[in-house]
Amino acid sequence: MKILFYDAAMYDKKSFDKTLEQFPDVEITYQEIDISVKTVSLAKGYDAICAFVNSDLSSPVIKALSDIGIKLILLRCAGFNNVDLEEATRCGMTVLRVPGYSPEAVAEHAMTLALAVNRHLHKSYIKVRENNFSLVGLTGINFYQKTAGIVGTGKIGSAMCRICRGFGMKVIAYDMYPNKDLDFVEYKSLEEVLKQSDLISLHCPLTEETHHLINKDTISMMKPNVVLVNTSRGALVNTEDMIQGIRENRFFGVGLDVYEEEGPNVFENREDQLLEHSVTARLLSFPNVIVTSHQAFLTEEALAAISEVTLQNAMDYENGSIKDVNRVK
Ligand code: NAI
């Protein structure tokens, strides 16, 4: 099977090339460029394309892929809100993904953001490099014996609950489907979770229902000095409302691995460019906000799991033995 990889980074090549040794029937060509209506033609003659979390898999792109005979889209990620599934179904296209490669990788990054913004590591790192050893402005808060509120307790949210418990925090959560394995977690309504938590971490998927789950009304329910972390999807948070909340000093800190309008920035080196969206610039202007660029998944273990499942998905498709859990529908 010949697969064209779009938006392939160095770490993708390294990890997939290593895994290829176990898949002698697969041939990969890597393209740094991402998929778009203009770049679909590169996939002519291939059996499948492989795309990533922010790749444009909208209706026109899917139609164009179908026109050149592509029947299989391999997503080397868990999320699929970038795929027009109705169009894929109309075109008879199979879309496969990697549902849970390393929940701990994402949860550990969520806690990294929470700790870094709480203890002002982003500031102290720079200060000490400039020989400024003053502690002014670096006071944090203990997480020990505080309350962590986890929204969405699937694979990643559960891992975050366990990490927070390890910090000696009381863990409360909101999910329509409580996870019975988390016997140390108290489930509550979303409103109660927002009202009672000192640290709020978002781990639910982006759906119509969760779009702008964090907005001016829900922010107004939060405790003063709350730490908010989002490693899930940018549009869970209404950024304008959050920026207003930051300006009103409602947050002790905000840690974002994802944010609205991240699209053109994610995984790109844009150091010589002016940013066209004011959201990124405004978020970066606040001293109590840390932004990372959708890197929560990025660990050696997660990359190895992504490579293995993606290539196994390709083989399963070829052999007519697709695992239902990996099928996007
Ligand atoms: P999962 O499917 O295991 O868990 C999602 C949980 O959210 C489920 O328990 C579900 O019942 C719950 N949920 C659904 N709607 C909800 C609502 N309205 N309110 C509260 N809970 C709700 O998914 P997983 O693997 O834990 O991933 C969670 C999210 O993390 C993904 O949807 C994705 O957006 C994000 N993600 C981010 C990555 C990154 O690198 N930043 C990497 C991988 C995933």
Side-chain angles (χ1 to χ4, degrees), residues 7 9 11-12 51-55 75-83 85 97-114 148-164 171-182 185-194 197 200-215 218 221 228-237 255-260 262-263 265-267 290-303 305-306 309-310 324-329:
D7 198 20
Y11 54 78
D12 290 314
F52 199 41
V53 65
N54 277 317
S55 298
L75 297 174
R76 52 181 191 281
C77 55
F80 53 87
N81 51 292
N82 54 328
V83 184
L85 279 181
R97 68 180 180 124
V98 186
Y101 37 86
S102 178
E104 286 74 19
V106 182
E108 286 175 17
H109 191 74
M111 186 46 108
T112 304
L113 282 172
I150 310 300
V151 181
T153 52
K155 291 179 283 299
I156 298 171
S158 303
M160 186 61 175
C161 287
R162 288 189 291 270
I163 290 171
C164 292
V171 187
I172 61 175
Y174 169 69
D175 195 310
M176 299 89 74
Y177 306 102
N179 183 336
K180 293 190 183 65
D181 295 336
L182 299 172
V185 172
E186 256 182 67
Y187 281 91
K188 296 182 181 282
S189 67
L190 177 63
E191 191 173 331
E192 283 306 314
V193 168
L194 298 179
S197 302
I200 296 172
S201 195
L202 305 178
H203 299 287
C204 57
L206 176 62
T207 60
E208 264 176 43
E209 195 192 335
T210 60
H211 184 261
H212 286 181
L213 184 86
I214 302 301
N215 54 51
T218 48
M221 294 173 190
L228 174 70
V229 172
N230 186 9
T231 55
S232 202
R233 283 293 176 268
L236 292 179
V237 178
L256 304 171
D257 189 48
V258 291
Y259 51 97
E260 289 183 296
E262 70 180 17
N265 301 341
V266 168
F267 313 132
I290 294 187
V291 179
T292 53
S293 190
H294 214 126
Q295 74 174 69
F297 74 99
L298 195 64
T299 64
E300 299 271 351
E301 291 79 0
L303 288 173
I306 289 171
V309 176
T310 304
D324 204 41
V325 57
N326 295 358
R327 191 192 282 273
V328 178
K329 21 181 195 218

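Note that ligands are numbered from 1 as they come in the structure, with each ligand's atoms numbered from 1 the same way. Keep in mind the model is a prediction, meaning the values are calculated, not measured.
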Check contact between Thr207 and ligand 1, using heavy atoms of the residue and a distance below 4.0 angstrom.
no
Protein heavy-atom partner closest to atom 11 (O) of ligand 1 - residue, atom, separation in Å:
Asp175 OD1, 2.8 Å
If you measure from atom 29 (C) of ligand 1 to every heavy atom of Ser232, Ser158, Ser293, Ala159, which option wins on shortest distance?
Ser232
Passes side-chain contact (heavy atoms from CB on, under 4.5 Å), Asn81 versus Val83? Steps please.
CA-CA 6 Å; Asn81 51 292; Val83 184; over 6 Å; no
Of Arg233, Met160, His109, His294, which has the heavy atom at the shortest distance from atom 36 (N) of ligand 1?
Arg233
Report the nearest protein non-hydrogen atom to atom 7 (O) of ligand 1: residue, atom name, distance rounded to 0.1 Å.
Pro205 CD, 3.3 Å
In the protein, which heavy atom is nearest to atom 28 (C) of ligand 1, and how far is it?
His203 O, 3.4 Å
Write out all pairs satisfying salt bridge (Lys or Arg N to Asp or Glu O under 4.0 Å) with one or both partners inside residues 152-164, taking only residues at least two apart or from two chains.
Glu104-Arg162
From the candidates Tyr174, Tyr101, Phe80, the one that places a heavy atom nearest atom 42 (C) of ligand 1:
Tyr101
Return the closest protein heavy atom for atom 22 (C) of ligand 1 as residue, atom name and distance.
Cys204 CB, 3.5 Å
Given His211, Met176, Lys155, which has its nearest heavy atom closest to atom 25 (O) of ligand 1?
Lys155
closest protein heavy atom to atom 4 (O) of ligand 1 is Gly154 CA, 3.2 Å
Just checking Tyr177 against Tyr187, ring centres under 6.0 Å apart?
no
Min heavy-atom dist Leu206 to ligand 1 below 4.0 Å:
no
Tell me the nearest of Val151, Thr210, Leu190, Ile156 to atom 26 (O) of ligand 1, using heavy-atom distances.
Ile156
